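Just so we're clear, the structure is a prediction, and the values are computed from it rather than from any experiment.
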Amino acid sequence: EQLPLCGQNRVCLPIRKQLIYIMFKLRHIPIFVFSMWILVQFMLIVLNWNFVPESDFRAYQILAEKCIANNSWYPMPDNVYDNFIWAPGLINLLILQLKVFGGFHVNMFLNLFFNIGILCMIYKLATKFVNHVVGLISIILFCTFYSNCLIIIPTNTELPFLFFSLLGL
């Protein structure tokens, strides 16, 4: 079967028409990949609902719980003489989550929101600086990296940082 990009006498169509053809063929694939990506993340949230983080992720939560116990935001006066101040923006976000929702489980949904927002901004930047086809390819690539699915589970600084950094562009 001959590709519709080239005519009978093997004269290829202009690049603009080739891109339009590719865009037409690709338009359903990113929607399917995005849908599967969201489904996988919801499944990960359900499967890891009682996840107890370790290391830095747990330290952020412990600091937020201490601030709630002292009815303060981070850094508290107790933290003035610490060797370093841990991610104050994230810890204050966790304090707000504890005050509003009473737990850290909502953090996975907030991370999912950040992840979707990052994907939308990457798509927007790719279409703005290159073209629509590259935007669709960026959706496929972003959704197929497994780290972009698993990053929603722990309490981390990467998602809020990247989300707000891209939002500033």
Listed once per pair and sorted, the salt bridge (Lys or Arg N to Asp or Glu O under 4.0 Å) pairs that draw on residues 33-60, sequence neighbours left out: Arg58-Glu65

Acceptor/donor pairs from residues 136-154 side chains to any protein atom, 3.5 angstrom cut, sequence neighbours excluded:
| from | atom 1 | to | atom 2 | distance (Å) |
| --- | --- | --- | --- | --- |
| Ser138 | OG | Val134 | O | 3.4 |
| Ser138 | OG | Gly135 | O | 2.5 |
| Thr144 | OG1 | Ile140 | O | 2.9 |
| Thr144 | OG1 | Leu141 | O | 3.1 |
| Asn148 | ND2 | Phe142 | O | 2.8 |

Same apolar cluster: Leu169 and Phe161, side chain cutoff 4.5 Å: no

Interatomic spacing from CD1 in Ile91 to CG in Leu96 - rounded to 0.5 Å: 14.0 Å

Gln61 and Leu98, any side-chain heavy atoms less than 4.5 Å apart: no

Pairing residues for Phe57 by the ring pair (Phe, Tyr, Trp, His ring centres under 6.0 Å) criterion, not counting sequence neighbours: none

Side chain to side chain donor-acceptor pair (under 3.5 Å) partners of residues 115-130, not counting sequence neighbours, each pair once: Gln41-Asn115, Tyr123-His132

Trp86: partners by ring pair (Phe, Tyr, Trp, His ring centres under 6.0 Å), with sequence neighbours left out: Tyr60, Phe84

Val46 with Val52, same ILVMFWY side-chain cluster at under 4.5 Å: no

Distance, nearest 0.5 Å, that separates CD1 of Ile68 from CG of Leu94: 10.0 Å

Test log, rule side-chain contact (heavy atoms from CB on, under 4.5 Å), inputs Ile38 and Ile116: CA-CA 9 Å; Ile38 295 292; Ile116 292 170; 3.4 Å; yes

Note, Met121 side chain near Phe163 side chain (heavy atom, < 4.5 Å): yes

Within residues 144-164 or reaching into it, pairs that qualify as salt bridge (Lys or Arg N to Asp or Glu O under 4.0 Å) - sequence neighbours excluded: none

Partner set under side chain to side chain donor-acceptor pair (under 3.5 Å) for Gln97, not counting sequence neighbours: Asn107

Stepwise side-chain contact (heavy atoms from CB on, under 4.5 Å) test for Leu159 and Leu110: CA-CA 10 Å; Leu159 278 175; Leu110 186 62; over 6 Å; no

With sequence neighbours excluded, residues passing ring pair (Phe, Tyr, Trp, His ring centres under 6.0 Å) with Phe164: Phe114

Non-neighbouring partners of Phe32 that pass ring pair (Phe, Tyr, Trp, His ring centres under 6.0 Å), sequence neighbours left out: none

Non-neighbouring partners of Met43 that pass side chain to side chain contact (heavy atoms under 4.5 Å, CB included), sequence neighbours left out: Leu39

Pairwise side-chain contact, Ile85 with Pro88, heavy-atom cut-off 4.5 Å (strictly under): yes

Where Ile95 and Cys67 come nearest, the two heavy atoms and their spacing: CD1-CB, 3.4 Å

Hphob cluster co-occupancy, Ile118 + Phe129, side-chain heavy atoms under 4.5 angstrom: yes

Residues in side chain to side chain donor-acceptor pair (under 3.5 Å) contact with Asn79, at least two apart in sequence or another chain: Asp82

Within one Ile-Leu-Val-Met-Phe-Trp-Tyr cluster: Trp49 and Leu112, side-chain cutoff 4.5 Å: yes

Side-chain heavy atoms of Phe51 within contact of Phe104, under 4.5 Å: no

Donor-acceptor pair, side chain of Asn70 and main chain of Ser72, under 3.5 angstrom: no

Partner set under side chain to side chain contact (heavy atoms under 4.5 Å, CB included) for Phe101, not counting sequence neighbours: Val106

Separation between CG of Asn48 and CD1 of Ile45, rounded to the nearest 0.5 Å: 9.0 Å

Shortest non-hydrogen contact from Trp73 toward Lys99: CZ2-NZ, 3.8 Å

